[in-house]
Each structure stands twice: as C-alpha cells, then as structure tokens.
Amino acid sequence: MNKISPSPASSREAWLNAAYDALTEGGVEAIKIMPLAKRLDTARSGFYWHFKDREALLEAMIRHWEDKNTGNLITRCEAYAETICEAMLNLFDCWLDDELFDGRLDLAIRNWARVDQALGARLAVADGRRMKAVRTMFSRYGFAPEEAEVRTLTVIYTQIGYLSMNVSEDRTLRMSRVRTYIEVFTGCIPTASELARFLARHGAGTAPDQPTSGAPG
C-alpha cells in the first residue's frame with residue numbers, strides 16, 4: 001500500500017493515510033470523519049486541527065493525486081533519453097514504482113469521478129496533461145503527429161485497462177515482457193544496455209531471452 005508517509009495518529013498525514021485506506025477500500029462515501037477517527041484510535045476533534053471540514057480533506061487527497069501521479073508521469077516523460085525506447089523505459093518507471101505512481105489511488109479517483117462531476121472535469125484535465133506529455137515525448141523522437149497520437153492513446157489506454165481490470169501479474173513475468181511492450185508501443189527494439197539499465201534500477205537483474213516481435217502476452 002502506497003501512502004503519503006508514516007506519522008503519529010494525530011498528524012495531518014495520518015488522517016490523509018486513513019482517508020486513503022477508506023477511499024481505496026470502499027470509495028469516497030467511506031471517507032467520514034468519525035470512522036476515520038476510529039481507524040486512528042483518536043478523538044474526532046483532532047481532525048479539525050488539520051482540516052476545516054471533510055471537503056478540505058477530500059481536496060487534499062485530490063491534490064496529492066494530481067501532484068504525484070500526473071506530476072511524476074510528466075516528469076518521467078520529460079527525463080533525458082537518447083532514444084524513444086529509453087524514453088519509454090523512463091515512463092515505465094511509473095508502472096513499477098509505487099513511489100512514482102500509485103495505481104490503487106488512480107483507480108479510486110477514476111471511480112470517484114464517476115459520481116462527482118467536478119472531479120470528473122479535473123480528471124479530464126489530468127488525462128489531457130498526461131496524453132500531452134506522452135505525445136510530446138513521441139514527437140521529440142521524430143514521430144509524425146498522427147502516429148504520435150495513436151501510440152500515445154495505446155500507452156495511456158493500456159495502463160488504464162490494467163488498473164480497471166485489477167490485473168494481478170507476477171513481477172518476474174511482467175519484467176520478462178518489457179522489451180516486447182516497448183516494441184509494441186514504439187515500433188523499436190530497446191538495446192541490451194537500455195534494457196539492462198532499466199532492469200537494474202528496478203532490481204530485476206537480467207531479462208530472459210524474448211522474441212523481438214508480437215503483441216504483449
């Protein structure tokens with residue numbers, strides 16, 4: 001579970017963490033002050049030291065999601081890379097590091113947005129920013145506008161699909177498919193050194209041999 005930070009029960013972060021648990025387990029309707037206080041084994045009055053009301057808590061959670069998930073995704077798309085494969089591997093960091101991108105929170109926000117029109121509008125803005133970052137990344141490596149757009153949609157929609165389908169995939173299996181995913185998304189094959197650097201920073205060692213074509217398994 002990827003929370004904001006461990007803290008004493010009376011802290012602002014502890015209330016946010018409790019709200020995170022409630023949101024990801026039961027949806028936005030589960031975020032209520034008294035049940036959160038019970039989770040923390042503390043007095044309800046402690047909540048008001050940190051938040052004006054429930055709406056302020058909800059707003060803090062949304063801003064955390066915007067800063068973390070959308071902000072980090074954009075940063076990874078803008079990170080230095082010599083090739084489109086290396087750039088895509090930088091983006092893949094988000095899918096494998098909960099400190100960069102919290103998939104459970106992203107899914108919870110998307111479900112919440114179904115019943116909250118204002119949040120739905122903010123989600124649309126966030127998705128637009130993410131797509132622009134990925135599209136710009138493709139354009140930076142010479143992809144024509146239409147191709148950059150379609151490849152961007154393929155990347156974004158695949159990730160949303162992973163979240164919405166609650167895919168549970170063995171990490172070793174997922175790592176073994178990275179090279180093929182990169183080829184599917186970019187039309188290019190990452191070099192052995194590009195793949196090795198990616199696997200090393202995720203503690204995965206050396207990837208097994210794979211075919212150089214075909215759709216993700």
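In this chain, numbering begins with 1 at the start of the sequence shown. All values below come from the heavy atoms of this structure, side chains included, with hydrogens, waters and symmetry mates left out. Bear in mind the structure is a predicted one, so any value in this text is a computation, not a measurement.
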List the atom of Ala81, the atom of Tyr141, and the distance in Å for their closest heavy-atom pair. O-OH, 2.7 Å

Using a strict cut-off of less than 4.0 Å between a Lys/Arg side-chain nitrogen and an Asp/Glu carboxylate oxygen, indicate whether Arg122 and Glu59 qualify as a salt bridge. yes

Separation of Lys32 NZ from Leu36 CG (nearest 0.5 Å): 10.5 Å

Using a 3.5 Å distance criterion without hydrogens, assess whether the side chain of Arg135 forms a donor-acceptor pair with backbone atoms of Ala148. no

So do the side chains of Leu107 and Asn166 get within less than 4.5 Å of each other, counting heavy atoms only? yes

Nearest 0.5 Å please: distance from the CE atom of Met175 over to the CG atom of Asp170. 10.5 Å

State whether a side-chain donor-acceptor pair under 3.5 Å links Asp102 with Tyr20. yes

Could you check if a side-chain atom of Lys68 sits within less than 4.5 angstrom of a side-chain atom of Phe101, using non-hydrogen atoms only? no

Decide yes or no for Tyr157 and Met131: does some side-chain heavy atom of the first lie under 4.5 Å from some side-chain heavy atom of the second? yes

State yes or no: do Trp65 and Val125 share one hydrophobic cluster built from I, L, V, M, F, W and Y residues joined by side-chain heavy-atom distances below 4.5 Å, directly or via other members? no

Correct closest heavy-atom pair for Ala60 and Arg12 would be CB-NH2, 3.6 Å

Does some side-chain heavy atom of Arg129 sit less than 4.5 Å from a side-chain heavy atom of Leu73? no

Locate the shortest heavy-atom distance separating Ile182 from Met88; write the atom from each residue and the value. CD1-CG, 3.3 Å

Whether the side chain of Glu25 engages the backbone of Ala22 through a donor-acceptor N/O pair (distance < 3.5 Å, no angle test) should be reported. no

In terms of hydrophobic clusters joined by side-chain contacts under 4.5 Å, are Tyr80 and Leu89 together? no

Are there more than 12 heavy atoms of other residues, nucleotides or ligands under 6.0 Å from atom CZ of Arg114? no

Please answer whether the main-chain N or O of Glu82 pairs with a side-chain N or O of Glu86 as donor and acceptor at a distance below 3.5 Å. yes

For Glu29 and Val115, what are the C-alpha separation, side-chain angles and deciding distance, and is it a side-chain contact (heavy atoms from CB on, under 4.5 Å)? CA-CA 10 Å; Glu29 293 303 319; Val115 296; 5.8 Å; no

Write down the atom of Phe47, the atom of Leu57, and the distance for their closest heavy-atom approach. CE1-CD2, 3.7 Å

Would you say Tyr162 and Glu169 are linked by a side-chain donor-acceptor pair, where the criterion is simply a distance under 3.5 Å? yes

Would you say that Leu195 contacts Leu199 through its side chain, given a criterion of any heavy-atom pair below 4.5 Å between the two side chains? yes

In sequence, state the C-alpha distance, the side-chain angles, and the governing distance for Arg179 and Glu183, and then conclude on salt bridge (Lys or Arg N to Asp or Glu O under 4.0 Å). CA-CA 6 Å; Arg179 185 170 67 180; Glu183 184 182 3; over 6 Å; no

Quick one: does Asp98's side chain get under 4.5 Å of Arg104's, heavy atoms only? no

Can Val155 be reached from Val167 by stepping across I, L, V, M, F, W or Y side chains whose heavy atoms are under 4.5 Å apart? yes

Ile62 side, atom CD1; Leu123 side, atom CG - distance, nearest 0.5 Å: 10.5 Å

Stepwise side-chain contact (heavy atoms from CB on, under 4.5 Å) check, Leu16 with Met61: CA-CA 7 Å; Leu16 284 166; Met61 296 185 68; 3.9 Å; yes

Applying a strict under-4.5 Å side-chain criterion to I, L, V, M, F, W and Y, I'd like to know whether Leu153 and Met137 cluster together. yes

Decide yes or no on side-chain contact (heavy atoms from CB on, under 4.5 Å) for Arg174 and Arg177, but give the supporting numbers first. CA-CA 5 Å; Arg174 194 172 202 187; Arg177 292 172 169 171; 6.0 Å; no

State plainly whether the residues Arg110 and Asp127 are in salt-bridge range, i.e. N to O under 4.0 Å. yes

Heavy atoms only: give me the nearest Glu78-Arg140 pair and the separation to one decimal. CA-NH2, 4.4 Å

Salt-bridged, Asp106 to Arg130, with N to O below 4.0 Å? yes

Beyond-backbone contact of Arg151 with Phe143, side-chain heavy atoms, under 4.5 angstrom: yes

Applying side-chain contact (heavy atoms from CB on, under 4.5 Å) to Val28 and Asp116, what does each step give before you reach the verdict? CA-CA 10 Å; Val28 66; Asp116 186 320; over 6 Å; no

Could you report the tightest heavy-atom contact between Pro190 and Cys85, atom names first, then the distance? N-SG, 3.6 Å

Whether over 12 other heavy atoms sit under 6.0 Å from Tyr48 OH: yes

Tell me whether Ile74 shares a hydrophobic cluster with Ile160, the cluster being built from Ile, Leu, Val, Met, Phe, Trp, Tyr side chains joined at under 4.5 Å. no

Does atom CZ (Arg63) have a neighbourhood of more than 12 heavy atoms from anything else shown, all under 6.0 Å? no

Say whether Asp93 and His202, considering side chains only, have a donor N or O and an acceptor N or O under 3.5 Å apart. yes

Find the distance between CD1 (Ile31) and CZ (Arg54) and round it off to the nearest 0.5 Å. 6.5 Å

So, taking the atom named CD1 in Ile109 and the one named CG in Leu23, what distance separates them when rounded to the nearest 0.5 Å? 5.5 Å

Validation row, ring centre Phe51 to ring centre Trp15 under 6.0 Å: no

How far does CZ of Arg171 sit from OG of Ser176, to the nearest 0.5 angstrom? 12.5 Å

